[in-house]
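Contents: one structure, followed by commentary.
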Amino acid sequence: MKIGIISDTHGSEMRWQLAYDKYLKGCDLIVHAGDVLYNGPRNPVLEDYNPGGLCARINSIPEPMVIAQGNCDSRVDASALDVPSCLPIVFTDVKGVKIVATHGDNLMTDSARNEFISKYKADITISGHTHVTVLEKRNGTTFVNPGSPSLSKREDGRSTVAVYEDGTIRIYDIDTDEILMQQEL
């Protein structure tokens with residue numbers, strides 16, 4: 001089983017395509033933690049900003065996908081996507097692995113993360129929002145923020161996605177293919 005984990009694409013068509021071609025293509029499931037199409041008022045407009053093009057690419061993939069609504073995702077964005085994306089929290093179970101995804105603007109403190117983990121009791125909790133990678137285990141739940149493939153806010157500026165496969169979550173630099181973090185489930 002292979003699950004692709006991505007967040008905060010913010011309308012960046014070519015960065016999505018790079019991440020998709022290298023890491024998401026052929027996955028059993030793709031989980032997007034929100035901020036899919038719109039760049040947001042606090043982010044720069046990227047050279048490859050093309051929400052319509054990104055929407056068409058996402059709509060054409062054969063892999064099943066779930067999307068948690070981000071703080072920059074609107075209902076009009078959701079209406080253009082074939083994948084439902086208006087839910088702030090998405091639950092799924094893939095071959096016995098319980099996954100919950102939310103954008104993460106509701107998980108900005110340790111106490112909020114701990115409460116969320118305790119309430120939903122997922123094996124994997126996925127979030128985005130900060131554009132910074134996180135991979136840690138808390139109370140039996142692996143918490144993952146894949147960062148962003150297009151608008152990284154990591155100190156080193158690396159563009160990132162995550163993949164769960166064979167019991168391990170790995171966060172990759174999509175430009176160099178380097179594994180930046182990994183955690184056993």
Side-chain angles (χ1 to χ4, degrees), residues 1-92 94 99 101-105 124 126-133 144-154 157-165 169-180:
M1 168 180 53
K2 183 177 177 184
I3 299 171
I5 304 166
I6 190 166
S7 187
D8 297 286
T9 48
H10 288 284
S12 180
E13 181 183 6
M14 295 297 96
R15 300 304 287 172
W16 157 268
Q17 194 61 47
L18 178 64
Y20 176 77
D21 288 342
K22 286 184 163 187
Y23 299 101
L24 308 178
K25 192 176 199 173
C27 284
D28 297 300
L29 176 69
I30 298 171
V31 179
H32 196 303
D35 284 358
V36 182
L37 300 178
Y38 178 53
N39 70 307
R42 292 186 181 100
N43 296 312
V45 176
L46 298 171
E47 193 174 298
D48 72 332
Y49 180 67
N50 183 0
L54 175 55
C55 183
R57 288 180 187 269
I58 289 172
N59 287 343
S60 71
I61 66 170
E63 294 82 7
M65 184 173 184
V66 295
I67 300 173
Q69 181 183 25
N71 63 306
C72 291
D73 293 325
S74 70
R75 287 190 304 186
V76 73
D77 292 343
S79 71
L81 291 164
D82 293 341
V83 178
S85 59
C86 285
L87 297 174
I89 300 172
V90 177
F91 303 90
T92 189
V94 181
I99 300 168
T102 187
H103 184 55
D105 47 332
I124 302 172
I126 298 169
S127 70
H129 186 62
T130 63
H131 303 215
V132 177
T133 54
V144 59
N145 182 328
S148 173
S150 51
L151 283 167
S152 177
K153 293 184 181 175
R154 287 172 49 103
R158 291 179 184 229
S159 299
T160 54
V161 298
V163 175
Y164 170 75
E165 189 172 27
I169 298 174
R170 292 178 180 86
I171 295 178
Y172 293 93
D173 178 319
I174 66 169
D175 295 306
T176 67
D177 302 322
E178 183 181 348
I179 297 170
L180 302 178

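Values in this document were obtained by computation on a predicted structure and should not be read as measured data. This chain uses plain numbering: 1 for the first residue, then up along the sequence.
Of the possible donor and acceptor atoms, one in the side chain of S150 sits under 3.5 Å from a partner among the backbone N and O of T9. No donor-acceptor distance shorter than 3.5 angstrom exists from the side chain of D173 to the backbone of T160, with no hydrogens or angles considered. Side chain of T102 to backbone of P88: a donor-acceptor contact under 3.5 angstrom is found. Remark: side-chain polar atoms of D8 are not paired, donor with acceptor, to backbone N or O of D35 under 3.5 angstrom. Looking at S152, its side chain never comes within 3.5 Å of a backbone N or O of S159 through a donor-acceptor pair. Here the side chain of N43 pairs a donor or acceptor atom with the backbone of N39 at under 3.5 angstrom.
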Begin from the C-alpha positions of H131 and N145 and carry the test side-chain contact (heavy atoms from CB on, under 4.5 Å) through to its verdict.
CA-CA 8 Å; H131 303 215; N145 182 328; over 6 Å; no

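Residues satisfying the salt bridge (charged side-chain N to carboxylate O under 4.0 Å, His left out) criterion with E178, sequence neighbours excluded, are R158. Under the rule for a ring pair (Phe, Tyr, Trp, His ring centres under 6.0 Å), Y164 has no partner lying at least two apart in sequence or in another chain. Remark: K22 pairs with D177 by the salt bridge (charged side-chain N to carboxylate O under 4.0 Å, His left out) rule, at least two apart or across chains.
Note that CD1 of I126 and NE2 of H103 are 13.5 Å apart. Values are rounded to the nearest 0.5 Å. Within the model, atoms CD1 of I5 and CD1 of I171 stand 8.0 Å from one another, a figure rounded to the nearest 0.5 Å. D82 contributes atom CG, which lies 3.5 Å from atom CG of N59 (distance to the nearest 0.5 angstrom). Separating the CG atom in N50 from the CE atom in M14 is a distance of 7.5 Å, to the nearest 0.5 Å. A distance of 11.0 Å separates CG of L37 from CD of E13, quoted to the nearest 0.5 Å. Separating the CD1 atom in I61 from the CD1 atom in I30 is a distance of 4.0 Å, to the nearest 0.5 Å.
Partner Y20 forms a side-chain hydrogen bond (donor to acceptor under 3.5 Å, both in side chains) with one of K25, E63, R57 and no other, that one being E63. Each of L81, V31, V90, L87 was scored for a side chain to side chain contact (heavy atoms under 4.5 Å, CB included) with I67, with one residue passing: L81.
At a threshold of 4.5 Å between non-hydrogen side-chain atoms, the residues R154 and L180 count as touching. Side-chain contact between H10 and L46 is absent, with no heavy atoms from C-beta onward closer than 4.5 Å. No side-chain heavy atom of I99 sits under 4.5 Å from any side-chain heavy atom of F91. The shortest distance between side-chain heavy atoms of D77 and P51 does not fall below 4.5 Å. Taking the side chain as every heavy atom from C-beta outward, V66 and V83 never approach each other to under 4.5 Å. Considering only heavy atoms from C-beta on, R15 stays 4.5 Å or farther from L151 through its side chain. Side-chain contact check for I6 versus W16: some heavy-atom pair is nearer than 4.5 Å. In this structure, I58 and V36 have side chains that are in contact, with non-hydrogen atoms separated by less than 4.5 Å.
Residues D73 and G70 approach most closely at OD2-N, 2.7 Å, considering heavy atoms. Annotation for C72 and G40: closest pair SG-CA, 3.8 Å, computed over non-hydrogen atoms. The shortest non-hydrogen separation linking A101 to A68 is O-CB, 3.7 Å. Looking at every heavy atom in both residues, C27 comes nearest to G4 through SG-N, 3.5 Å. The shortest heavy-atom contact between G34 and S7 is O-OG, 3.6 Å. Between S127 and A33, the closest heavy-atom pair is C-CB, 3.7 Å.
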